[in-house]
Asker: 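One structure follows; several queries about it will come next.
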Amino acid sequence: MYAEAGVAPAVEEITLDAPGANEVQVRVEASGVCHTDLHVVETGGWGMPFPILLGHEGAGIVEEVGADVTSVAPGDRVVIAWRAPCGDACPACRRGDPRRCSNNLRGRRRAHRADGDLLTPVLRCGTFADSAIVHEACAVKVPEELPVEQACLLACGFSTGAGAALWATPVREGASVAVIGCGGVGLAVVQGARLAGAERIVAIDIAPEKLQLARELGATDAVTAEDSVAQVRELTGGVDYAFTAIGAPSGLVDAVRMCAYGGTATLVGVPPPGRVLEVDLELDLFHPKVGIAVTHGGDTIPQEDFPFLARAALDGKIDLERFVTKIVSLDEAAAALDELHAPTGVRTVVRF
Ligand SMILES: [Zn+2]
Ligand SMILES: [Zn+2]
């Protein structure tokens with residue numbers, strides 16, 4: 001699955017080098033179709049060099065390991081993380097705060113087109129392919145009992161949403177929460193907030209069927225997008241945490257205005273380029289003492305958090321099954337990306 005400037009993504013034969021030191025080759029079994037891949041296509045590569053190999057929400061089986069690999073072995077079921085804190089090479093990791101690491105461990109680029117050109121895998125994953133070579137730290141072991149089409153969601157979408165509420169801006173037990181936008185990521189915020197013990201979770205969306213799903217996944221209240229700030233304030237008096245999982249800046253403005261005194265508004269997901277936030281510094285931020293936070297992928301530590309979430313799913317504390325609403329083949333992946341313009345389900349997963 002490959003994207004070149006101005007050309008529609010298409011499937012073609014690729015070859016892989018052998019995994020190098022600290023790298024593992026994973027036979028991809030499932031890969032979720034995440035909006036960020038569409039973003040890569042629509043922003044002309046998102047700053048990455050062409051040609052590009054799409055896919056970054058994968059899970060599969062380790063099939064080969066390079067030198068010095070100790071944490072996984074062939075046959076292990078792994079989720080492929082695109083975040084892997086460096087551990088000791090950046091100031092955040094050195095002070096013991098790997099969730100703020102900006103220096104992720106990466107494997108070398110190992111995939112080639114038939115003509116030999118080196119491909120750039122999205123977020124160094126490239127999971128819209130039968131096999132992917134990633135850094136050992138990005139191959140995170142999870143229990144095999146978790147169905148692989150659910151496990152792959154831990155790689156990006158689900159962890160981004162749940163992690164926003166669990167780790168990026170950790171929701172206190174008993175707190176009140178608002179979630180703007182109830183697509184896959186927003187619904188995962190709802191699940192994360194519930195797991196964190198939030199007492200009140202208000203879901204906001206324009207689609208009634210999404211609000212219904214949000215209720216089934218843990219939202220205590222649901223409001224339509226129109227006049228949602230007033231509705232949320234009336235229901236809760238202002239929330240402790242507001243999350244926006246929509247790209248439009250209005251989502252973050254609303255999140256700020258939904259917050260109670262001392263609340264936090266968190267931006268989840270990648271916004272479209274060139275958009276500007278217009279808030280009143282005095283009335284929206286200073287007087288109500290509202291903070292704005294940004295999360296990248298839920299600020300996860302994949303080696304700890306993916307097994308934690310996998311266990312939570314197996315124990316019935318989160319419901320990954322409801323997030324997989326369509327399964328397609330690799331040949332249908334390009335169409336599935338296009339469907340993200342007007343999604344009808346929660347998540348489409350490519351099954352190999
Ligand atoms: Zn993603
Ligand atoms: Zn680091």
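Whatever order the structure lists them in is the order used to number ligands and atoms, beginning at 1.
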Asker: Between the side chains of Arg194 and Asp319, is the shortest nitrogen-to-carboxylate-oxygen separation below 4.0 Å, so that they form an ion pair?
Answerer: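 Between Arg194 and Asp319 there is no salt bridge, as every charged N stays at least 4.0 Å from the carboxylate O atoms.
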Asker: How many N, O or S atoms of the protein are nearer than 2.8 Å to the Zn ion (ligand 2)?
Answerer: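 Protein heteroatoms (N, O, S) closer than 2.8 Å to the Zn ion (ligand 2) number 4.
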Asker: Using atom types as modelled and distance alone, determine if a side-chain donor or acceptor of Thr169 lies under 3.5 Å from a backbone N or O of Ala164.
Answerer: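 At least one qualifying donor-acceptor pair exists.
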Asker: Can you list the residues that meet the salt bridge (charged side-chain N to carboxylate O under 4.0 Å, His left out) rule with Arg100, with sequence neighbours excluded?
Answerer: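 Arg100 satisfies salt bridge (charged side-chain N to carboxylate O under 4.0 Å, His left out) with Asp97 only.
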Asker: Indicate whether any N or O donor in one side chain lies under 3.5 Å from an N or O acceptor in the other, for Ser228 and Gln231.
Answerer: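 Not at all, the side chains of Ser228 and Gln231 share no donor-acceptor pair under 3.5 Å.
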Asker: Below 2.8 Å, which protein N, O or S atoms neighbour the Zn ion (ligand 1), ignoring water?
Answerer: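 Sorted hits: Cys34 SG, His56 NE2, Cys156 SG.
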Asker: Considering only distance and modelled atom types, tabulate donor-acceptor pairs under 3.5 Å from the side chains of residues 58-67, sequence neighbours left out.
Answerer:
{"from": "Glu63", "atom 1": "OE2", "to": "Gln25", "atom 2": "NE2", "distance (Å)": "2.9"}
{"from": "Glu63", "atom 1": "OE2", "to": "Ser131", "atom 2": "OG", "distance (Å)": "2.6"}

Asker: Write down the atom of Ile301, the atom of Pro98, and the distance for their closest heavy-atom approach.
Answerer: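 Residues Ile301 and Pro98, closest heavy atoms: CD1-CG, 3.6 Å.
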Asker: Got a salt bridge between Glu144 and Arg77, using NZ or NE/NH1/NH2 to carboxylate O under 4.0 Å?
Answerer: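 Here Glu144 does not pair with Arg77 in a salt bridge, since their nearest N and O are not under 4.0 Å apart.
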Asker: Hey, are Arg113 and Glu12 close enough for a salt bridge, meaning a charged N less than 4.0 Å from a carboxylate O?
Answerer: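 Glu12 and Arg113: salt-bridged.
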Asker: Nearest heavy-atom pair of Leu16 and Ala132: which atoms, and what distance?
Answerer: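 Closest approach of Leu16 to Ala132, heavy atoms only: CD1-N, 4.3 Å.
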